[in-house]
Amino acid sequence: MGKLVVHKYGGTSMGSVERIQSVAKRVAKWYRQGYRLVVVPSAMSGETDKLLNLAKQFQHPEVHDASYKRALDMLASTGEQVSSALLAVALLKEGVPAVSYAGWQVPIRTDSLFTKARIVDIERDRIDEHLALNQVVIITGFQGVDKNGHITTLGRGGSDTSAVAIAVAIKASECLIYTDVDGVYSTDPRLEPKATLKSYLSFEEMLEMASLGSKVLHLRSVEFAMKYNMPVRVLSSFTPADLDLSKEAQSGTLITFEKDKMMEQAVVSSVACSRNEAKISVFHVPDKPGVAFTILQAIAAASIDVDMIVQNVGKGAKTDFSFTVARGDYTQAIKVIQEIAPKLGQCEIQGDDTICKVSIVGIGMRSHAGVASTMFETLSRENINILMISTSEIKTSVVIEEKYMELAVRVLHQAFGLHLGATPI
Ligand code: ADP
Ligand code: ASP
Ligand code: MG
């Protein structure tokens, strides 16, 4: 029996009839060489935005409740249904037996957190039946169904997670994420043309990069892959569809646990950035136990994730408290804090959604002092003011004004020698 693999194709890769045709040719090539395949397409590029923008036109006054989010999921999930059906058509015309399914038909079961649901389990029987009939199985990315039969979506960029979760469920040998760049680079190659391509990357490093905003992989896809040790390869769908398969299968970036295959571990191996940030500060809150809890519990109760948290040293029984959230949650987070403000005394609330986060990442950082100070020095030379800082063993992140993001990425990339390839320890 041929090897079982999962292919995922992103929005740009599925962006037009010609692109879908090229995907079909590529899948057909793998199929004809004996591979068993499950293919997970994203919506055609721009489609999810277009659908969600339609809903925004009705959004007055602002609503955030579950029934509204449920409606958004019904809407957004249709983008992947269209591209999956079109890919089935293209494959059938290519002479390859193919069958397409929406996530709820498989089913891919999720929790009920509309717009950012988590996959709970995937039933593999139906997939297996079709694979046994030598068919290519196409499954919509980005979506599933909750225990009440409601369609859910997994958060923007979530098709990567669908693909990896399916690969885990059917015990595929590898999950190939086809996208519009050649693999994972030392930073976003669209911001820094001198970025260098990585052949191998550890799950740990990729996890950090994804969580810091490198949108090349959805964070939860990396979590899944790491938890179940599923090798993930990020590669281009823009190479010729008839490229030699053995060459294609080795191209791009392989993300695994296999340390021996890894490039030498760099002190700093990548620069990540994210515009998807907003900062909320609550000034003059009482400096007493329970205040951080009051603020953060209210935010968590609204299902909003908090990223960085900073509390100043108290002065005269008062202190200031700041935290960051995803930009999409900003308006709702401000509303939540305004609602609990009476519990926080004479406080003042200030928000800013024109910030961004820039981070340096590297497994080698854990044994090297002075990396953060090089980062701060590099930014200060450009007169970039740091608004917040957070560190872990293998990353240092700063929040800065959004207008400095590209500049910060480029000078840090240069300062750590990433244009030369990763600097080994
Ligand atoms: P897809 O539609 O295939 O899912 P995405 O747009 O979600 O593609 O992800 C690919 C994009 O990720 C690239 O076009 C690139 O601009 C961006 N990106 C950000 N950081 C990196 C990085 N370190 N390496 C490669 N691509 C990156
Ligand atoms: N179509 C969805 C989005 O645009 C999911 C994905 O592309 O992964 O976010
Ligand atoms: Mg993506």
Side-chain angles (χ1 to χ4, degrees), residues 7-15 19 23 40-53 72-73 75-84 103 115-117 139-144 152-166 175-199 201 205-222 232-238 252-253 255 268-276 328 356-362 405-406 409 412-413 418 422:
H7 281 194
K8 179 258 170 178
Y9 291 90
T12 322
S13 311
M14 294 291 294
R19 295 300 318 151
V23 168
V40 179
S42 290
M44 296 168 77
S45 56
E47 197 53 38
T48 312
D49 284 337
K50 207 160 95 193
L51 291 165
L52 292 173
N53 281 336
L72 288 186
D73 281 0
L75 179 66
S77 64
T78 61
E80 270 70 12
Q81 199 168 324
V82 169
S83 58
S84 296
T115 75
K116 40 184 167 185
I139 301 175
T140 52
F142 183 50
Q143 58 198 269
T152 55
T153 67
L154 310 180
R156 299 305 305 270
S159 297
D160 299 329
T161 299
S162 311
V164 175
I166 291 169
C175 182
L176 295 97
I177 307 279
Y178 284 89
T179 184
D180 55 7
V181 286
D182 287 335
V184 183
Y185 282 79
S186 50
T187 194
D188 187 340
R190 295 187 201 285
L191 295 184
E192 173 50 283
K194 291 186 201 149
T196 45
L197 180 68
K198 294 170 180 303
S199 327
L201 206 56
E205 233 164 336
M206 190 64 236
L207 194 65
E208 204 71 59
M209 286 172 76
S211 77
L212 295 170
S214 300
K215 67 169 189 164
V216 62
L217 282 180
H218 193 234
L219 174 60
R220 248 177 268 146
S221 72
V222 190
V232 171
R233 184 178 292 277
V234 179
L235 68 173
S236 173
S237 71
F238 284 77
T253 306
I255 304 153
V268 172
S269 62
S270 63
V271 179
C273 58
S274 162
R275 276 181 214 285
N276 182 23
C356 70
K357 182 169 67 176
V358 176
S359 315
I360 51 171
V361 183
M405 190 177 87
E406 281 94 347
V409 166
L412 291 171
H413 195 266
L418 299 179

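Note that the structure is predicted; figures quoted are calculated from it, not measured. Residues take their numbers from the sequence shown, with the count starting at 1. Excluded from the calculations below are hydrogen atoms, water molecules and symmetry mates; all remaining heavy atoms, backbone and side chain alike, are included. In listed order, ligands and their atoms are each counted from 1.
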field: Those atoms of ligand 1 less than 4.0 Å from some heavy atom in Thr179
entry: 1 (P), 3 (O), 8 (O), 10 (C)
- line: Distance filter under 4.0 Å, heavy atoms only, around ligand 2 gives Ser42, Ala43, Thr48, Glu80, Phe142, Arg156, Gly157, Gly158, Ser159
- prompt: Roughly how far apart are Thr253 OG1 and Arg233 CZ, rounded to 0.5 Å?
  reply: 8.5 Å
field: For ligand 1, the portion of Lys8 having any non-hydrogen atom under 4.0 Å away
entry: side chain
field: Region of Thr187 that comes within reach of ligand 1 [heavy atoms, distance under 4.0 Å]
entry: backbone
task: Among all protein heavy atoms, pick out the one at the shortest distance from atom 21 (C) of ligand 1; state its residue, atom name and that distance to 0.1 Å.
output: Asp188 CA, 3.6 Å
query: With Arg19, which residues qualify under salt bridge (Lys or Arg N to Asp or Glu O under 4.0 Å), at least two apart?
result: none
task: Could you check atom 23 (N) of ligand 1 against the protein and tell me its nearest heavy-atom contact, residue, atom and distance included?
output: Tyr185 O, 3.0 Å
statement: ligand 1 atoms nearer than 4.0 angstrom to some heavy atom of Met209 are 23 (N)
task: With sequence neighbours left out, write down each residue that passes salt bridge (Lys or Arg N to Asp or Glu O under 4.0 Å) with Glu47, or none if nothing qualifies.
output: Lys50
- prompt: For the residue pair Gly328 and Asn276, what are the closest heavy atoms and their distance?
  reply: N-OD1, 3.9 Å
Contact partition for Pro189 relative to ligand 1, non-hydrogen atoms under 4.0 Å: side chain
query: About how many Å separate CD of Glu205 and OG of Ser214, when rounded to the nearest 0.5 Å?
result: 11.0 Å
- prompt: Is Arg190 touching ligand 1 with its side chain, its backbone, both, or neither, if touching means heavy atoms under 4.0 Å apart?
  reply: side chain
statement: Output for pair (Thr161 OG1, His218 NE2), nearest 0.5 Å, gives 4.5 Å
query: Is Lys215 salt-bridged to Asp160, going by a charged N under 4.0 Å from an acidic O?
result: no
Heavy-atom pair with the smallest gap, counting every atom of Ser42 and Ser83: O-OG, 2.7 Å
task: For Gly183, counting its heavy atoms only, list the atoms of ligand 1 lying under 4.0 Å from any of them.
output: 24 (N), 25 (C)
- prompt: What is the nearest protein non-hydrogen atom to atom 2 (O) of ligand 1, stated with its residue, atom name and distance?
  reply: Gly11 N, 3.1 Å
message: To check your reading of the model: name the closest protein heavy atom to atom 27 (C) of ligand 1, its residue, and the distance in Å.
response: Val216 CB, 3.7 Å
- request: Tell me yes or no: between the side chains of Thr152 and Asp73, is some donor less than 3.5 Å from an acceptor?
  value: no
Please list, one pair per line, the donor and acceptor atoms closer than 3.5 Å that link side chains of residues 176-183 to other protein atoms, with sequence neighbours excluded.
{"residue": "Tyr178", "atom": "OH", "partner": "Trp30", "partner atom": "NE1", "Å": "3.4"}
{"residue": "Tyr178", "atom": "OH", "partner": "Glu248", "partner atom": "OE2", "Å": "2.5"}
{"residue": "Asp180", "atom": "OD1", "partner": "Arg190", "partner atom": "NH2", "Å": "3.3"}
{"residue": "Asp180", "atom": "OD2", "partner": "Thr12", "partner atom": "OG1", "Å": "3.1"}
{"residue": "Asp180", "atom": "OD2", "partner": "Arg190", "partner atom": "NH2", "Å": "3.2"}

- prompt: How close do Lys357 and Ser211 get, heavy atom to heavy atom, and via which atoms?
  reply: NZ-O, 4.2 Å
- prompt: About how many Å separate OG of Ser186 and CD of Glu192, when rounded to the nearest 0.5 Å?
  reply: 7.5 Å
task: Measure the distance from atom 13 (C) of ligand 1 to every protein heavy atom, then report the residue, atom name and distance (to 0.1 Å) of the closest one.
output: Asp180 OD1, 3.5 Å
message: Quick check for you: to the nearest 0.5 Å, what is the distance between Lys198 atom NZ and Met209 atom CE?
response: 6.5 Å
query: Which residue owns the protein heavy atom closest to atom 7 (O) of ligand 1, what's the atom, and how far is it?
result: Lys215 O, 3.5 Å
field: Atom indices of ligand 1, in the order listed, that fall short of 4.0 Å to a heavy atom of Gly10
entry: 1 (P), 2 (O), 3 (O), 4 (O)
